[in-house]
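First the structure, in the form of structure tokens, and then the observations on it.
Worth saying up front: this structure is predicted, and the values here are computed from it rather than measured. We name chains A, B, ... by the order of the sequence lines, and we start the count at 1 in each one.
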Amino acid sequence: MPELPEVETTRRRIAPFLVGKRVEEIVTTGPSYFFLTSPAALRRSLVGRRIESLDRAGKYLVAGLDRGARLLLHLGMTGQLFSSEATSVRLLSATARASLPPEAQPRFEPDEHTHLQITMEGEGPKVFFRDVRKFGKVQWLASGEENARLDRLGTDALELTGEELFRANRRRRVTIKGMLLDQSVTAGVGNIYADEALFIAGVRPGRAAQRVTRRECEAIALALHRVLGRSIETGGSSISDYVAPDGSDGGYQDERKVYGRRGEACLECGDAIKRRIIAQRSSHYCARCQR
DNA sequence: ACCGCACCCTGAGCGC
DNA sequence: TGCGCTCAGGGTGCGG
């Protein structure tokens, strides 16, 4: 689900509800590996603290709190971070969806997948973190506490240069797609935007990273910036679960050129888009346009 | 050090 | 309708 553009869109739109305010109360589900910090410990640490900033590191959201503490959030595959005022059918189960009248603006009620509910002081809405598959993460970091997950992250994909990618490629025996998905090489790229950027750059996802030229690396870096930047402009891709904090859908899914288009005509040459497993992920490409 | 794989979980969609 | 199967945009930890 959420890759860099979805996380960035989430950051921008949820920040006004959090930043500059104090946490008044939280409600959580029970202990699970979703909570790297246990719900009880999280409550003890978080309640009463003031949120001073909300940043993004790769696909992580990092809330900066008073006295130097940090709260780490990761949306995993199906995580949704949104305001209690959001209305969207994406926040409902298929069965609940089916029983709705066509023009309904369904109001979300916290369910068993809503693992964290944050009430801020003042009049604003609550903030909900819902995650059906529980691949998301919540972790409290005390002042000065290091974190391996953050330290591992490579250059943010919006900053990646072709030269940097080229140099990283030389030491590795994986495919170029595997390199783009490796968060320690470049942070923020997931399956969709890797496929989209490689299409724009004209490089097949299955190419050995070592055999991608410097020039092609430049093209890939440029394509990443373009694709990620454009997706942020349109509010991200809403392909299955992703929903912005206000409940709105992103727009980038309508601009996809290869992802999820298996068998459809390539928008450049008309050949059928192919799909196969590369780097353990379903990968989409045009065999004529990508070399 | 690097690489591929199993695994964490739930739900949707498919063929039968 | 219901069952069993496959698949899903992420990341970690393990053994080879």
Distance, rounded to the nearest Å, where [X] contributes [atom1] and [N] contributes [atom2]:
X	N	atom1	atom2	result
R276(A)	dC7(C)	CZ	P	16 Å
R262(A)	dG13(B)	CZ	P	16 Å
R90(A)	dA8(C)	CZ	C1'	14 Å
I278(A)	dG4(B)	CD1	C1'	15 Å
D241(A)	dC9(B)	CG	P	18 Å
N191(A)	dA8(C)	CG	P	8 Å
M179(A)	dG4(B)	CE	P	12 Å
L180(A)	dG11(C)	CG	P	14 Å

Any pair counted as salt bridge (Lys or Arg N to Asp or Glu O under 4.0 Å), so long as it reaches residues 109-120 of chain A, sequence neighbours left out: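 Listed by first then second residue: D111(A)-R130(A).
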Any side-chain N or O of R172(A) less than 4.0 Å from the OP1 or OP2 oxygen of dC3(B)?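 Result: yes.
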Do the side-chain N or O atoms of H113(A) get closer than 4.0 angstrom to the phosphate oxygens (OP1, OP2) of dG11(B)?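 True: H113(A) side-chain N/O within range (under 4.0 Å) of dG11(B) OP1/OP2.
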What pairs with [X] under side chain to side chain contact (heavy atoms under 4.5 Å, CB included), at least two apart in sequence or on another chain?
X	answer
T28(A)	I26(A), F35(A), P39(A), L116(A)
A197(A)	A223(A), L224(A)
R11(A)	E8(A), L54(A), R56(A), L61(A)
A168(A)	R171(A), M179(A), V185(A)

Are V138(A) and T37(A) side-chain neighbours, meaning at least one heavy-atom pair lies under 4.5 Å?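 No, side chains not in contact.
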Short of 4.0 Å, heavy atom to strand atom, which residues of [range] count as contacting DNA chain C?
range	value
residues 34-43 of chain A	none
residues 147-158 of chain A	R149(A), R152(A)
residues 132-142 of chain A	R133(A), F135(A)

Taking all non-hydrogen atoms of both residues, which atom of [X] and which atom of [Y] are closest, and how far apart?
X	Y	value
K59(A)	L4(A)	CG-N, 4.3 Å
T186(A)	A157(A)	OG1-CA, 3.2 Å
C286(A)	D271(A)	SG-CB, 4.4 Å

Centres of the F128(A) and F108(A) rings: under 6.0 Å?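 That pair passes the under 6.0 Å test.
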Of Y33(A) and E112(A), whose closest DNA chain B nucleotide lies nearer the 5' terminus?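 Residue closer to the 5' terminus by nearest nucleotide: Y33(A).
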Test: side-chain hydrogen bond (donor to acceptor under 3.5 Å, both in side chains). Region: residues 190-204 of chain A. Which pairs qualify, not counting sequence neighbours?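 Applying side-chain hydrogen bond (donor to acceptor under 3.5 Å, both in side chains) to every pair that reaches into residues 190-204 of chain A, excluding sequence neighbours, yields E6(A)-Y193(A), K177(A)-N191(A), K177(A)-D195(A), Y193(A)-S231(A), Y193(A)-S237(A), D195(A)-H284(A).
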Could you tabulate the donor-acceptor pairs under 3.5 Å formed by side-chain atoms of residues 117-124 of chain A, not counting sequence neighbours?
none

Which nucleotide in the set dC7(C), dG4(B), dG11(C) lies at the smallest distance from any side-chain heavy atom of R275(A)?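 For the R275(A) side chain, the nearest candidate turns out to be dC7(C).
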Name the closest nucleotide to the S282(A) side chain, picking from dC8(B), dA8(C), dC3(B).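 The nucleotide sitting nearest to the side chain is dA8(C).
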Have T78(A) and D131(A) got a donor and an acceptor in their side chains that come within less than 3.5 Å?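 Side chains of T78(A) and D131(A): pair found under 3.5 Å.
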Qualifying residues under side chain to side chain donor-acceptor pair (under 3.5 Å), relative to R256(A), sequence neighbours excluded: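 Here no residue qualifies.
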Rounded to whole angstrom, note down the P distance from dC7(C) over to dC5(B).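 These two P atoms come out 15 Å apart once rounded.
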Using a 4.0 Å heavy-atom cut-off, does Y60(A) contact any base of the nucleic acid, only the sugar-phosphate backbone, or nothing at all?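 Sugar-phosphate contact only - Y60(A) comes under 4.0 Å of backbone atoms but never of a base.
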Each stem that DNA chain C is part of, given as range with range (3 or more consecutive Watson-Crick or G-U pairs, under 3.5 Å):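 Expected stems, ordered by start: B:2-8 with C:10-16, B:10-16 with C:2-8.
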When rounded to the nearest 0.5 angstrom, what is the spacing between CD1 in I220(A) and CD1 in I176(A)?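 I220(A) CD1 to I176(A) CD1: 4.0 Å, rounded to 0.5 Å.
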